[in-house]
Amino acid sequence: MKDAFAFPMHSASRFQRRVLGWYQRNKRELPWRDNRDPYRIWISEIMLQQTRVKIVLPYYRKFLTRFPDLRSVASAEENEVVSCWSGLGYYRRARELHRAARQISTQGGEFPREFSRILELPGVGRYTAGAIASIAFDARHPVVDGNVRRLFSRYFGKLFSETVCWQLADSLLPKRQVGDYNQALMEIGARICRPKKPLCPACPLVQDCQTRGRPLPGLQRPVTPQAQTMVLLALNREEKFWLELRDSSQRILKNLWCFPMEYGQVGTGELRRRLLRRFGLRSAAQAGSFKHSIMQTRFHSSVVVASFRGKPPGKGVWVAMENLNQFPHSSIVEKAFALLTPCE
DNA sequence: GAGCCGTGGCT
DNA sequence: TAGCCAAGGCT
């Protein structure tokens, strides 16, 4: 069975030539492709985990302006790093990035060059280590991400296990230009061999592709969306609003600042009553509502506002809109704040 | 190994 | 419009 993935040399090199040729003609200009600074490539790879290039770009620029090098991240507080990440999602990435920066700085401050040492960094798995090693240091390591897995599956007309994908990627790896080749494979996957309606006529690999646009059963992952209700309470005191730090026992948005919040599979009225009880309030005004999805849950969120005097129970701070960026928060908070500010 | 963690552009 | 799904890693 193993032999099924040992390619004749000529077809492997043809595959590589086509991939690299396409890349040469079509590669996008991206800020992390300006040079081979491992720090810049590392940041890009962490941000790009489960996140599209288009979304990452503004965050990447902002992050590099605020934290231009490894040392600036290591010397910053975790909160500053996570604040800069607010809105990007998967906030653990930011915390682990900060931990990794400190880890590197205690080990001399030089970004590790060895694959195995890169792999030891928090938040860096096999994919990310391979990406950094190959792109920044031209080390001969493959990458397998969602794009590569989909491209391989279609190209060979078969759904491969994770393990086989890595073997495949390894056996197809060129001797040189490994970083370009890895990026090329992913970019072809993202832009040509995309999940739906692949652009086969534009694909450099279509000639030997086993499916050529024909659907491959089982390629899509099953999802079971679920709807829930959410209510956010905006306590108001002198142009400021009360934000709580969600503790680490929370399921979602842990260690982030948020309006007092209740959610579940119950009605808005019940959630609102719970919130009012918590703060000893008799009533609150409806400020508006919005939709927000976290993972496979669609939240129908409404915001209620009430003025408050004195100190609310629990741990929190009064925050003015213009200081929100000092507190790591989800985009839920942004959406809620937008409802509280009269538009002009 | 499966479940879990955010978000919003795209179709 | 609304669902789909992304340059994964950790537990």
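In what follows, every chain begins at residue 1, and chains take the letters A, B, ... in the order their sequences are listed. Keep in mind it's a predicted model, so treat the numbers as computed, not measured.
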Within this structure, what is the CD-to-P distance between A:Glu162 and B:dA2, rounded to whole angstrom?
11 Å
Calculate the interatomic distance between A:Lys291 atom NZ and C:dC4 atom P; express it in whole Å.
15 Å
Please state the [atom1] separation for the pair [N] and [M] - nearest whole angstrom.
N: B:dG3; M: C:dA7; atom1: P; answer: 22 Å
N: B:dG8; M: C:dG9; atom1: P; answer: 23 Å
N: C:dA6; M: B:dC5; atom1: C1'; answer: 14 Å

Tell me what A:Leu30 touches on the nucleic acid: a base, only sugar-phosphate, or nothing, going by heavy atoms under 4.0 Å.
base
With heavy atoms under 4.0 Å as the rule, sort A:Val56 into base, sugar-phosphate or nothing.
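No contact.
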Residue pair A:Arg246 / A:Ser330, side-chain donor-acceptor N/O under 3.5 Å
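A:Ser330 and A:Arg246 do not have a side-chain donor-acceptor pair below 3.5 Å.
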Output the residues of residues 138-154 of chain A in contact with DNA chain B, where contact means a heavy atom of the residue under 4.0 Å from an atom of the strand; sort by number or write none.
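Heavy-atom contacts with DNA chain B come from no residue of residues 138-154 of chain A; none.
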If a pair means Watson-Crick or G-U wobble with both distances below 3.5 Å, what does DNA chain C look like in dot-bracket form, with | marking bases paired to a different strand?
.|||||.||||
Hey, does the side chain of A:Ser44 come within less than 4.0 Å of C:dA7's phosphate (OP1/OP2), counting only N and O?
no
Would you say a side-chain N or O of A:Arg298 is under 4.0 Å from OP1 or OP2 of C:dA2?
no
State which of C:dG9, C:dC5, C:dA7 makes the closest approach to the side chain of A:Thr128.
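Closest nucleotide to the A:Thr128 side chain: C:dG9.
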How far apart are the C-alpha atoms of A:Ser83 and A:Arg66, what are their side-chain angles, what is the distance that settles it, and do they pass the side-chain hydrogen bond (donor to acceptor under 3.5 Å, both in side chains) test?
CA-CA 11 Å; A:Ser83 289; A:Arg66 172 66 185 80; over 6 Å; no
When you group the ILVMFWY residues by side-chain heavy-atom contacts below 4.5 Å and let the links chain together, are A:Leu235 and A:Val305 in the same group?
no
Please report, to 0.1 Å, the donor-acceptor pairs under 3.5 Å made by any side chain of residues 109-129 of chain A, with sequence neighbours excluded.
unit_1	atom_1	unit_2	atom_2	d
A:Tyr127	OH	A:Glu45	OE1	2.7
A:Thr128	OG1	A:Gln49	NE2	3.1

Can you build the contact string for nucleotides 5-11 of chain B? Use B for base contact, S for sugar-phosphate-only contact, and - for no protein heavy atom under 4.0 Å.
BBBBBSS
Is there any salt bridge (charged side-chain N to carboxylate O under 4.0 Å, His left out) pair reaching into residues 257-284 of chain A, and which pairs are they, with sequence neighbours excluded?
A:Glu244-A:Arg278, A:Glu262-A:Arg274, A:Glu262-A:Arg278, A:Glu270-A:Arg273, A:Glu270-A:Arg274
May I ask you to check whether A:Tyr23 and A:Tyr181 place their ring centres under 6.0 Å from each other?
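Distance test on ring centres: not under 6.0 Å, no.
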Ring pair (Phe, Tyr, Trp, His ring centres under 6.0 Å): which pairs involve residues 281-312 of chain A, sequence neighbours left out?
A:Tyr263-A:Phe299
